[in-house]
**Q** 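My questions will all concern the structure given below.
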Number of protein chains: 2
Amino acid sequence: MRRVAIRFGMLAVALMLLIQLSKYSLLTRGLRDEFLIAFFAVLFVGLGVVLTKLVFKPKTKIIQSIRSEEPKPDLAKIEELGISKREYEVLEQMARGKSNLEIADKLFISESTVKTHVSNLLVKLDAKRRTQAITIAKEIKIII
Amino acid sequence: MRRVAIRFGMLAVALMLLIQLSKYSLLTRGLRDEFLIAFFAVLFVGLGVVLTKLVFKPKTKIIQSIRSEEPKPDLAKIEELGISKREYEVLEQMARGKSNLEIADKLFISESTVKTHVSNLLVKLDAKRRTQAITIAKEIKIII
DNA sequence: ATAAATTTGGTACTTTAGTATGAACGGATG
DNA sequence: CATCCGTTCATACTAAAGTACCAAATTTAT
(Lines give C-alpha, C1' and ligand atoms only; values in the text may rest on other atoms or scores of the structure.)
Protein backbone atom coordinates (compact mmCIF):
# COMPACT_ATOMS: atom_id res chain seq x y z
CA MET A 1 0.00 0.00 0.00
CA ARG A 2 2.59 2.51 1.11
CA ARG A 3 4.95 1.13 -1.47
CA VAL A 4 2.77 2.42 -4.27
CA ALA A 5 3.18 5.98 -3.03
CA ILE A 6 6.92 5.59 -2.58
CA ARG A 7 7.33 4.05 -6.00
CA PHE A 8 5.28 6.81 -7.54
CA GLY A 9 7.45 9.44 -5.91
CA MET A 10 10.63 7.74 -7.05
CA LEU A 11 9.29 7.33 -10.55
CA ALA A 12 8.29 10.99 -10.69
CA VAL A 13 11.77 12.02 -9.65
CA ALA A 14 13.34 9.69 -12.19
CA LEU A 15 11.02 11.02 -14.88
CA MET A 16 11.89 14.62 -14.18
CA LEU A 17 15.56 13.83 -14.02
CA LEU A 18 15.28 12.31 -17.49
CA ILE A 19 13.59 15.45 -18.74
CA GLN A 20 16.36 17.55 -17.35
CA LEU A 21 18.99 15.31 -18.86
CA SER A 22 17.35 15.43 -22.23
CA LYS A 23 17.32 19.23 -22.30
CA TYR A 24 20.43 20.33 -20.43
CA SER A 25 23.56 18.88 -19.17
CA LEU A 26 23.84 18.48 -15.44
CA LEU A 27 27.41 19.62 -15.57
CA THR A 28 26.77 23.05 -17.05
CA ARG A 29 24.84 24.44 -14.13
CA GLY A 30 23.86 23.68 -10.57
CA LEU A 31 20.27 23.36 -9.43
CA ARG A 32 17.77 25.01 -11.65
CA ASP A 33 14.18 26.10 -11.32
CA GLU A 34 12.69 22.98 -12.89
CA PHE A 35 14.59 20.72 -10.57
CA LEU A 36 13.60 22.77 -7.56
CA ILE A 37 9.94 22.68 -8.51
CA ALA A 38 10.14 18.96 -9.15
CA PHE A 39 11.66 18.45 -5.75
CA PHE A 40 8.94 20.39 -4.04
CA ALA A 41 6.32 18.68 -6.15
CA VAL A 42 7.40 15.27 -4.92
CA LEU A 43 7.74 16.59 -1.42
CA PHE A 44 4.27 17.98 -1.26
CA VAL A 45 2.70 15.02 -3.00
CA GLY A 46 4.25 12.88 -0.32
CA LEU A 47 2.92 15.27 2.29
CA GLY A 48 -0.55 14.96 0.80
CA VAL A 49 -0.28 11.18 0.91
CA VAL A 50 0.77 11.16 4.54
CA LEU A 51 -1.95 13.63 5.46
CA THR A 52 -4.64 11.60 3.75
CA LYS A 53 -3.50 8.41 5.43
CA LEU A 54 -3.63 10.11 8.79
CA VAL A 55 -7.07 11.58 8.22
CA PHE A 56 -8.71 8.55 6.65
CA LYS A 57 -6.99 5.91 8.72
CA PRO A 58 -9.91 4.60 10.87
CA LYS A 59 -10.20 1.27 9.05
CA THR A 60 -10.95 -0.63 12.24
CA LYS A 61 -14.04 1.47 12.81
CA ILE A 62 -15.23 0.69 9.30
CA ILE A 63 -14.80 -3.00 9.96
CA GLN A 64 -16.64 -2.66 13.23
CA SER A 65 -19.52 -0.84 11.60
CA ILE A 66 -19.76 -3.58 9.01
CA ARG A 67 -19.80 -6.28 11.65
CA SER A 68 -22.24 -4.42 13.88
CA GLU A 69 -24.83 -4.47 11.11
CA GLU A 70 -26.02 -7.97 11.89
CA PRO A 71 -26.42 -8.37 15.64
CA LYS A 72 -29.76 -6.57 15.70
CA PRO A 73 -32.93 -8.58 16.28
CA ASP A 74 -35.75 -7.17 14.16
CA LEU A 75 -38.01 -5.89 16.92
CA ALA A 76 -40.57 -4.66 14.42
CA LYS A 77 -41.03 -8.13 12.96
CA ILE A 78 -41.35 -9.68 16.40
CA GLU A 79 -44.28 -7.38 17.14
CA GLU A 80 -45.68 -7.89 13.67
CA LEU A 81 -45.87 -11.63 14.30
CA GLY A 82 -47.39 -11.07 17.72
CA ILE A 83 -44.63 -12.86 19.57
CA SER A 84 -44.76 -12.06 23.30
CA LYS A 85 -41.74 -11.53 25.60
CA ARG A 86 -42.07 -14.94 27.18
CA GLU A 87 -42.48 -16.67 23.84
CA TYR A 88 -39.39 -14.90 22.60
CA GLU A 89 -37.42 -16.09 25.62
CA VAL A 90 -38.49 -19.64 24.85
CA LEU A 91 -37.48 -19.14 21.23
CA GLU A 92 -34.02 -17.99 22.28
CA GLN A 93 -33.46 -21.06 24.44
CA MET A 94 -34.88 -23.29 21.72
CA ALA A 95 -32.40 -21.85 19.23
CA ARG A 96 -29.61 -22.81 21.61
CA GLY A 97 -30.54 -26.46 21.37
CA LYS A 98 -32.34 -26.71 24.70
CA SER A 99 -35.08 -29.28 25.30
CA ASN A 100 -38.51 -28.29 26.60
CA LEU A 101 -37.61 -29.51 30.08
CA GLU A 102 -34.32 -27.61 30.08
CA ILE A 103 -36.12 -24.44 29.00
CA ALA A 104 -38.68 -24.98 31.73
CA ASP A 105 -35.97 -25.24 34.38
CA LYS A 106 -34.16 -22.18 33.10
CA LEU A 107 -37.29 -20.03 33.00
CA PHE A 108 -38.76 -21.50 36.23
CA ILE A 109 -41.95 -22.73 34.61
CA SER A 110 -43.40 -26.18 33.92
CA GLU A 111 -42.74 -28.19 30.81
CA SER A 112 -46.42 -27.84 29.92
CA THR A 113 -46.07 -24.09 29.76
CA VAL A 114 -43.03 -24.40 27.54
CA LYS A 115 -44.98 -26.67 25.23
CA THR A 116 -47.74 -24.10 25.02
CA HIS A 117 -45.25 -21.37 24.15
CA VAL A 118 -43.52 -23.56 21.58
CA SER A 119 -46.82 -24.48 19.95
CA ASN A 120 -47.76 -20.80 19.73
CA LEU A 121 -44.36 -20.01 18.24
CA LEU A 122 -44.75 -22.70 15.59
CA VAL A 123 -48.07 -21.19 14.52
CA LYS A 124 -46.75 -17.62 14.54
CA LEU A 125 -43.60 -18.55 12.64
CA ASP A 126 -45.52 -20.87 10.30
CA ALA A 127 -43.25 -23.80 11.13
CA LYS A 128 -43.95 -27.51 11.53
CA ARG A 129 -41.00 -28.32 13.78
CA ARG A 130 -38.85 -26.41 16.25
CA THR A 131 -35.82 -26.80 14.00
CA GLN A 132 -37.74 -25.15 11.17
CA ALA A 133 -38.90 -22.43 13.56
CA ILE A 134 -35.27 -21.69 14.40
CA THR A 135 -34.19 -21.43 10.76
CA ILE A 136 -37.18 -19.21 9.92
CA ALA A 137 -36.53 -17.01 12.96
CA LYS A 138 -32.93 -16.59 11.83
CA GLU A 139 -33.93 -15.91 8.24
CA ILE A 140 -36.25 -13.08 9.20
CA LYS A 141 -33.64 -11.95 11.71
CA ILE A 142 -35.70 -11.94 14.86
CA ILE A 143 -32.89 -13.91 16.49
CA ILE A 144 -29.13 -13.88 15.89
CA MET B 1 -5.03 -2.68 -11.83
CA ARG B 2 -4.72 -1.35 -15.33
CA ARG B 3 -6.48 1.80 -14.22
CA VAL B 4 -3.77 2.56 -11.72
CA ALA B 5 -1.18 2.48 -14.51
CA ILE B 6 -3.30 4.70 -16.72
CA ARG B 7 -3.89 7.20 -13.94
CA PHE B 8 -0.26 7.18 -13.07
CA GLY B 9 0.65 7.93 -16.67
CA MET B 10 -1.88 10.75 -16.83
CA LEU B 11 -0.64 12.22 -13.59
CA ALA B 12 2.96 12.05 -14.77
CA VAL B 13 2.02 13.92 -17.94
CA ALA B 14 0.15 16.51 -15.87
CA LEU B 15 3.17 16.92 -13.67
CA MET B 16 5.43 17.56 -16.61
CA LEU B 17 2.96 19.99 -18.09
CA LEU B 18 2.97 21.93 -14.84
CA ILE B 19 6.72 22.11 -14.89
CA GLN B 20 6.63 23.49 -18.36
CA LEU B 21 3.93 25.95 -17.40
CA SER B 22 5.99 27.21 -14.50
CA LYS B 23 8.74 28.10 -16.92
CA TYR B 24 6.85 29.64 -19.78
CA SER B 25 3.34 30.42 -18.63
CA LEU B 26 2.21 33.98 -19.02
CA LEU B 27 0.04 33.69 -15.96
CA THR B 28 2.77 32.95 -13.49
CA ARG B 29 5.28 35.41 -14.83
CA GLY B 30 4.36 38.37 -12.71
CA LEU B 31 3.98 36.37 -9.52
CA ARG B 32 6.61 36.30 -6.90
CA ASP B 33 8.55 33.22 -5.83
CA GLU B 34 6.90 32.82 -2.46
CA PHE B 35 3.46 32.85 -3.96
CA LEU B 36 4.52 30.40 -6.61
CA ILE B 37 5.87 27.96 -4.10
CA ALA B 38 2.75 28.23 -1.98
CA PHE B 39 0.59 27.60 -5.03
CA PHE B 40 2.47 24.49 -6.00
CA ALA B 41 2.62 23.33 -2.41
CA VAL B 42 -1.17 23.37 -2.17
CA LEU B 43 -1.51 21.90 -5.63
CA PHE B 44 0.74 18.94 -4.98
CA VAL B 45 -0.59 18.28 -1.53
CA GLY B 46 -4.03 18.08 -3.15
CA LEU B 47 -2.56 15.80 -5.79
CA GLY B 48 -1.15 13.58 -3.07
CA VAL B 49 -4.55 13.45 -1.39
CA VAL B 50 -6.32 12.50 -4.61
CA LEU B 51 -3.68 9.93 -5.43
CA THR B 52 -3.88 8.31 -2.03
CA LYS B 53 -7.64 8.14 -2.19
CA LEU B 54 -7.43 6.51 -5.60
CA VAL B 55 -4.82 4.00 -4.55
CA PHE B 56 -6.37 3.11 -1.20
CA LYS B 57 -9.97 3.12 -2.31
CA PRO B 58 -10.62 -0.66 -2.68
CA LYS B 59 -12.99 -0.69 0.28
CA THR B 60 -15.38 -3.08 -1.41
CA LYS B 61 -12.65 -5.66 -1.77
CA ILE B 62 -11.80 -5.29 1.91
CA ILE B 63 -15.44 -5.80 2.80
CA GLN B 64 -15.59 -8.85 0.57
CA SER B 65 -12.52 -10.31 2.20
CA ILE B 66 -14.03 -9.73 5.63
CA ARG B 67 -17.32 -11.33 4.65
CA SER B 68 -15.64 -14.23 2.88
CA GLU B 69 -14.01 -15.21 6.14
CA GLU B 70 -17.12 -16.93 7.43
CA PRO B 71 -18.67 -18.94 4.58
CA LYS B 72 -16.04 -21.65 4.89
CA PRO B 73 -16.99 -24.95 6.52
CA ASP B 74 -14.08 -26.20 8.61
CA LEU B 75 -13.22 -29.29 6.61
CA ALA B 76 -10.43 -30.18 8.99
CA LYS B 77 -12.82 -30.38 11.93
CA ILE B 78 -15.30 -32.44 9.94
CA GLU B 79 -12.60 -35.05 9.35
CA GLU B 80 -11.38 -34.75 12.91
CA LEU B 81 -14.83 -35.70 14.18
CA GLY B 82 -15.05 -38.54 11.68
CA ILE B 83 -18.17 -37.21 10.00
CA SER B 84 -18.73 -38.94 6.65
CA LYS B 85 -20.04 -37.28 3.46
CA ARG B 86 -23.48 -38.76 3.86
CA GLU B 87 -23.69 -37.83 7.49
CA TYR B 88 -22.71 -34.30 6.58
CA GLU B 89 -25.46 -34.13 3.96
CA VAL B 90 -27.95 -35.19 6.58
CA LEU B 91 -26.55 -32.57 8.95
CA GLU B 92 -27.03 -29.87 6.33
CA GLN B 93 -30.67 -30.79 5.79
CA MET B 94 -31.20 -31.08 9.52
CA ALA B 95 -29.86 -27.56 10.00
CA ARG B 96 -32.44 -26.34 7.50
CA GLY B 97 -35.26 -27.53 9.70
CA LYS B 98 -36.09 -30.67 7.74
CA SER B 99 -37.68 -33.70 9.40
CA ASN B 100 -36.16 -37.17 9.14
CA LEU B 101 -38.75 -38.15 6.53
CA GLU B 102 -38.13 -35.02 4.47
CA ILE B 103 -34.39 -35.66 4.57
CA ALA B 104 -34.99 -39.28 3.52
CA ASP B 105 -37.03 -38.15 0.50
CA LYS B 106 -34.47 -35.55 -0.51
CA LEU B 107 -31.53 -37.96 -0.29
CA PHE B 108 -33.49 -40.93 -1.72
CA ILE B 109 -32.98 -43.14 1.29
CA SER B 110 -35.28 -44.57 3.96
CA GLU B 111 -36.20 -42.82 7.18
CA SER B 112 -34.41 -45.61 9.07
CA THR B 113 -31.16 -44.71 7.36
CA VAL B 114 -31.62 -41.06 8.20
CA LYS B 115 -32.19 -41.99 11.83
CA THR B 116 -28.97 -43.97 11.82
CA HIS B 117 -27.06 -41.03 10.38
CA VAL B 118 -28.63 -38.61 12.86
CA SER B 119 -27.79 -40.87 15.79
CA ASN B 120 -24.19 -41.10 14.61
CA LEU B 121 -24.06 -37.33 14.24
CA LEU B 122 -25.36 -36.81 17.77
CA VAL B 123 -22.59 -39.02 19.13
CA LYS B 124 -19.88 -37.41 17.01
CA LEU B 125 -21.04 -33.89 17.87
CA ASP B 126 -21.64 -34.80 21.51
CA ALA B 127 -25.24 -33.58 21.36
CA LYS B 128 -28.41 -34.87 22.98
CA ARG B 129 -30.85 -33.43 20.47
CA ARG B 130 -30.75 -32.44 16.82
CA THR B 131 -31.25 -28.80 17.74
CA GLN B 132 -28.19 -28.95 19.96
CA ALA B 133 -26.27 -30.70 17.20
CA ILE B 134 -27.08 -27.82 14.88
CA THR B 135 -25.90 -25.16 17.32
CA ILE B 136 -22.71 -27.08 18.06
CA ALA B 137 -22.06 -27.62 14.36
CA LYS B 138 -22.43 -23.89 13.79
CA GLU B 139 -20.25 -23.01 16.76
CA ILE B 140 -17.35 -25.11 15.54
CA LYS B 141 -18.08 -23.84 12.01
CA ILE B 142 -18.53 -27.10 10.19
CA ILE B 143 -21.75 -25.65 8.77
CA ILE B 144 -22.70 -22.06 7.93
C1' DA C 1 -8.12 -59.61 -2.90
C1' DT C 2 -9.08 -59.11 1.79
C1' DA C 3 -9.95 -55.98 5.47
C1' DA C 4 -12.04 -51.78 7.00
C1' DA C 5 -15.18 -48.26 6.71
C1' DT C 6 -19.38 -46.42 4.71
C1' DT C 7 -23.99 -46.71 3.47
C1' DT C 8 -28.14 -48.69 3.69
C1' DG C 9 -32.14 -50.71 6.05
C1' DG C 10 -35.06 -53.16 9.50
C1' DT C 11 -37.43 -54.08 14.14
C1' DA C 12 -38.58 -52.90 18.62
C1' DC C 13 -38.47 -49.79 22.04
C1' DT C 14 -38.08 -45.26 24.89
C1' DT C 15 -38.12 -40.55 24.97
C1' DT C 16 -39.28 -35.90 23.28
C1' DA C 17 -42.00 -33.04 20.75
C1' DG C 18 -46.20 -31.28 19.44
C1' DT C 19 -51.66 -30.87 19.44
C1' DA C 20 -56.08 -30.13 21.51
C1' DT C 21 -58.67 -28.56 25.03
C1' DG C 22 -59.79 -26.55 29.19
C1' DA C 23 -58.95 -23.71 33.13
C1' DA C 24 -57.13 -20.34 36.47
C1' DC C 25 -54.70 -15.96 37.57
C1' DG C 26 -53.12 -11.12 37.12
C1' DG C 27 -52.47 -6.86 34.64
C1' DA C 28 -53.96 -3.48 31.50
C1' DT C 29 -57.68 -1.08 29.16
C1' DG C 30 -61.89 1.10 27.95
C1' DC D 1 -66.03 -3.51 36.52
C1' DA D 2 -65.94 -6.42 32.70
C1' DT D 3 -62.91 -7.76 29.04
C1' DC D 4 -58.89 -8.89 26.57
C1' DC D 5 -54.28 -10.59 26.67
C1' DG D 6 -50.53 -12.94 28.42
C1' DT D 7 -48.94 -16.38 31.39
C1' DT D 8 -49.39 -20.36 33.79
C1' DC D 9 -50.52 -25.35 34.16
C1' DA D 10 -52.85 -29.96 33.47
C1' DT D 11 -54.53 -34.10 30.99
C1' DA D 12 -54.74 -36.98 27.15
C1' DC D 13 -53.44 -37.92 22.94
C1' DT D 14 -50.64 -38.38 18.32
C1' DA D 15 -46.44 -37.76 15.97
C1' DA D 16 -41.79 -37.42 15.60
C1' DA D 17 -37.23 -38.14 17.32
C1' DG D 18 -33.85 -40.94 19.15
C1' DT D 19 -31.67 -45.62 20.95
C1' DA D 20 -30.15 -50.31 20.57
C1' DC D 21 -29.00 -54.05 17.99
C1' DC D 22 -28.53 -56.37 14.00
C1' DA D 23 -27.47 -57.28 9.14
C1' DA D 24 -26.28 -56.84 4.28
C1' DA D 25 -24.49 -54.39 0.16
C1' DT D 26 -21.05 -51.18 -1.38
C1' DT D 27 -16.80 -48.44 -1.38
C1' DT D 28 -12.35 -47.59 -0.15
C1' DA D 29 -8.01 -48.67 1.23
C1' DT D 30 -4.16 -51.74 2.19
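Lettering follows sequence order; numbering is per chain, from 1. Everything numeric here is computed off the predicted structure, so don't read it as measured data.
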**Q** For D/dA17, does either OP1 or OP2 sit under 4.0 Å from a side-chain N or O belonging to B/Asn100?
**A**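 Yes.
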**Q** Counting C-beta onward and ignoring hydrogens, is there a side-chain heavy-atom pair between A/His117 and A/Arg86 closer than 4.5 Å?
**A**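 Answer yes - side chains close enough.
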**Q** Tell me: CD1 of A/Ile134 to P of D/dA17, nearest whole Å?
**A**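 For the pair A/Ile134 CD1 and D/dA17 P, the rounded distance is 13 Å.
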**Q** Choosing from D/dA17, D/dG18, C/dG9, which nucleotide comes nearest the side chain of A/Arg129?
**A**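 Among D/dA17, D/dG18, C/dG9, the one nearest the side chain of A/Arg129 is D/dA17.
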**Q** Among C/dT19, D/dT11, C/dG9, which nucleotide has an atom closest to any side-chain atom of A/Ser112?
**A**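 The answer is D/dT11, which lies nearest to the side chain.
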**Q** Just call it for A/Ser110: base, sugar-phosphate, or nothing, with non-hydrogen atoms closer than 4.0 Å on any strand.
**A**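 Contact class for A/Ser110: sugar-phosphate only.
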**Q** OP1, OP2 of C/dT7 versus side-chain N and O of B/Thr113: anything below 4.0 Å?
**A**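 No, B/Thr113 has no side-chain N/O under 4.0 Å of OP1/OP2 on C/dT7.
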**Q** Rounding to an integer number of Å, can you tell me how far A/Lys115 NZ sits from D/dT11 P?
**A**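 One finds 12 Å between P of D/dT11 and NZ of A/Lys115, rounded.
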**Q** Would you mind reading off the distance between B/Arg130 atom CZ and C/dG18 atom P, rounded to a whole angstrom?
**A**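 About 10 Å, once rounded to whole Å.
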**Q** Roughly how far apart are B/Lys115 NZ and B/Leu101 CG, rounded to 0.5 Å?
**A**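 Interatomic distance, B/Lys115 NZ to B/Leu101 CG, rounded to 0.5 Å: 10.0 Å.
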**Q** Between the two end axes of the helix from C/dA1-D/dT30 to C/dG30-D/dC1, each built from 5 base pairs, what angle do you get to the nearest 10°?
**A**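 Inter-axis angle at the ends, rounded: 50°.
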**Q** What integer distance in Å separates B/Leu107:CG from C/dG9:P?
**A**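 Those two atoms, CG and P, are 11 Å apart.
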**Q** Look at the side-chain N and O atoms of B/His117 and state whether any lies under 4.0 Å from the OP1 or OP2 oxygen of C/dT6.
**A**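 No, outside the criterion.
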**Q** Output the rounded distance in Å from CZ (B/Phe108) to P (C/dT7).
**A**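 So the CZ-P distance, B/Phe108 to C/dT7, works out to 17 Å.
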**Q** Rounded off to whole Å, could you give me the CD-to-C1' distance for the B/Glu111 and D/dT19 pair?
**A**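 Rounded to the whole Å, the gap is 14 Å.
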**Q** Considering every strand and a 4.0 Å limit on heavy-atom distances, what is the contact class for A/Ser84: base, sugar-phosphate, or nothing?
**A**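 Touches sugar-phosphate only.
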**Q** In whole Å, what is the span from the CG atom of A/Asn120 to the C1' atom of C/dA17?
**A**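 My rounded result for the distance is 15 Å.
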**Q** Go nucleotide by nucleotide along DNA chain D from the 5' end; which of B/Lys85 and B/Leu101 gets its closest nucleotide reached first?
**A**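 Its nearest nucleotide being more 5', the pick is B/Leu101.
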**Q** Reckon B/Arg86 has a side-chain N or O less than 4.0 Å from the OP1 or OP2 of C/dT8?
**A**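 True: B/Arg86 side-chain N/O within range (under 4.0 Å) of C/dT8 OP1/OP2.
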